[in-house]
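These numbers were taken from a predicted model, which means no experiment stands behind them. One-based numbering, in listed order, for ligands and for the atoms of each.
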Amino acid sequence: MTTHHSPVVITIDGPTASGKGTVASRVADALGFALLDSGALYRLTAISAINAGIALTDEPALAHLAGSLEVNFTADKILLSGKDVTDTIRAEEVGVAASKIAVLPAVRAALVDLQHRFLRAPGLVADGRDMGTVIFPDALLKVFLTASVEARAERRYKQLIGKGFPANMGALLQDLSERDARDTQRALAPLKPAEGAHMLETSSMTIEAAVAQVLAWYREAVQIK
Ligand code: C5P
């Protein structure tokens with residue numbers, strides 16, 4: 001067994017509304033680890049741009065914005081320049097805007113340091129699209145979570161309605177499919193399983209079962225280490 005004390009990283013990547021956010025936060029709680037919701041950083045950049053009237057194609061201005069985000073993640077809130085945006089960043093149009101700016105290399109580069117700064121002892125659970133492939137390639141455990149587009153649209157529908165946002169199944173199915181296409185086809189850091197990632201298909205799996213599976217893989221990985 002090697003004895004090094006750098007923080008442990010678990011990456012959970014997957015498409016939008018695959019349930020990875022919920023699974024990641026429960027795994028982090030169970031292990032007493034920190035949590036990085038990297039999608040929130042793209043959403044925060046997108047909402048800042050919309051508020052500042054910056055075009056979602058203006059790469060230099062967006063990268064500058066991403067590099068100077070004033071964000072604060074508390075246990076249950078996300079603050080942007082001191083303002084509570086926990087729920088507003090979950091709006092579907094913010095997610096769509098986030099996936100548009102996420103194709104821009106300068107925006108992705110501007111968010112790398114911020115993401116690395118979430119790493120702390122004893123460990124971090126990082127959720128996103130490129131956590132295992134680009135941001136934390138040396139992670140101890142990598143998980144790639146999937147679910148059918150129908151299952152994901154249903155989950156997102158419930159999530160939006162639960163937060164008081166309007167939602168329409170047909171429009172959501174189309175949004176998710178377009179977002180999947182943008183996330184998987186972009187040139188830089190496309191959504192794809194990292195080498196050695198454990199695949200977890202959750203269409204007909206409860207959150208509890210998904211969390212239990214990730215924790216079981218984690219215990220296995222710690223023993224092998
Ligand atoms: O995960 P979430 O839906 O909040 O992410 C919003 C958008 O941000 C995604 O559709 C994706 O385009 C982008 N994203 C990314 N890389 C990450 C996390 C999110 O490109 N690591």
Side-chain angles (χ1 to χ4, degrees), residues 9-25 28 35-50 56-57 59 62-63 65-66 69 71 73 78 80 85-119 124-137 139 142-147 149 151-153 155-160 163 165 167 172-194 197 202:
V9 179
I10 299 175
T11 60
I12 304 186
D13 289 304
T16 192
S18 56
K20 60 191 178 346
T22 311
V23 172
S25 112
L35 178 70
L36 164 61
D37 169 5
S38 61
L41 302 179
Y42 289 90
R43 287 171 181 267
L44 288 162
T45 306
I47 207 167
S48 304
I50 293 167
L56 299 179
T57 48
E59 189 166 357
L62 292 166
L65 205 60
L69 284 179
V71 295
F73 285 76
I78 300 175
L80 178 62
V85 294
T86 319
D87 288 338
T88 31
I89 62 161
R90 297 298 155 199
E92 196 53 21
E93 65 264 26
V94 177
V96 171
S99 86
K100 288 184 179 161
I101 64 165
V103 305
L104 304 171
V107 171
R108 303 199 71 84
L111 289 173
V112 171
D113 269 3
L114 181 55
Q115 295 176 84
H116 285 157
R117 288 209 297 273
F118 279 78
L119 187 58
L124 174 73
V125 181
D127 106 59
R129 305 292 185 291
D130 61 343
M131 297 297 97
T133 50
V134 176
I135 305 294
F136 297 109
K142 301 179 182 184
V143 177
F144 195 81
L145 227 124
T146 57
V149 70
R152 292 187 283 125
R155 286 175 193 170
R156 179 55 53 81
Y157 181 86
K158 287 186 186 148
Q159 191 186 37
L160 288 171
K163 289 194 189 298
F165 289 115
L172 272 177
L173 272 170
Q174 193 178 342
D175 262 16
L176 293 195
S177 307
E178 285 172 13
R179 205 119 71 89
D180 283 354
R182 259 199 302 277
D183 287 355
T184 50
Q185 287 162 21
R186 68 180 175 225
L188 194 67
L191 172 66
K192 63 162 190 223
T202 66

J.: Donor-acceptor pair, Thr184 side chain versus Leu191 backbone, under 3.5 Å?
T.: no

J.: Identify, with sequence neighbours excluded, every residue that meets ring-ring contact (aromatic ring centres under 6.0 Å, His included) alongside Phe73.
T.: Phe118

J.: Check whether Gln115 reaches the backbone of Ser38 with its side chain - one donor and one acceptor, N or O, closer than 3.5 Å.
T.: no

J.: Using the test salt bridge (charged side-chain N to carboxylate O under 4.0 Å, His left out), find all partners of Arg182 that sit at least two apart in sequence or belong to another chain.
T.: none

J.: Between ligand 1 and the protein, give all atom pairs where both partners are nitrogen or oxygen and the distance is under 3.5 Å, as lines of names plus distance to 0.1 Å.
T.:
residue	atom	partner	partner atom	Å
ligand 1	1 (O)	Lys20	NZ	3.4
ligand 1	1 (O)	Arg129	NH1	2.9
ligand 1	1 (O)	Arg129	NH2	3.3
ligand 1	3 (O)	Thr16	OG1	3.3
ligand 1	3 (O)	Arg43	NH2	3.0
ligand 1	3 (O)	Arg129	NH2	3.3
ligand 1	3 (O)	Arg179	NH1	3.4
ligand 1	4 (O)	Arg43	NE	2.6
ligand 1	4 (O)	Arg43	NH2	3.3
ligand 1	10 (O)	Arg129	NH2	3.4
ligand 1	10 (O)	Arg179	NH1	3.1
ligand 1	10 (O)	Asp183	OD2	3.2
ligand 1	12 (O)	Asp183	OD1	2.6
ligand 1	16 (N)	Arg108	NH2	3.0
ligand 1	20 (O)	Arg108	NH1	2.7
ligand 1	20 (O)	Arg108	NH2	3.4
ligand 1	20 (O)	Arg186	NH1	2.9
ligand 1	20 (O)	Arg186	NH2	3.0
ligand 1	21 (N)	Ser38	OG	3.0
ligand 1	21 (N)	Arg129	N	3.2
ligand 1	21 (N)	Asp130	OD1	2.9

J.: Distance-only, no hydrogens or angles: does the Asp13 side chain make a donor-acceptor pair with backbone N or O of Asp130 under 3.5 Å?
T.: yes

J.: Taking only residues two or more places apart in sequence or in another chain, which ones pass salt bridge (charged side-chain N to carboxylate O under 4.0 Å, His left out) with Asp175?
T.: none

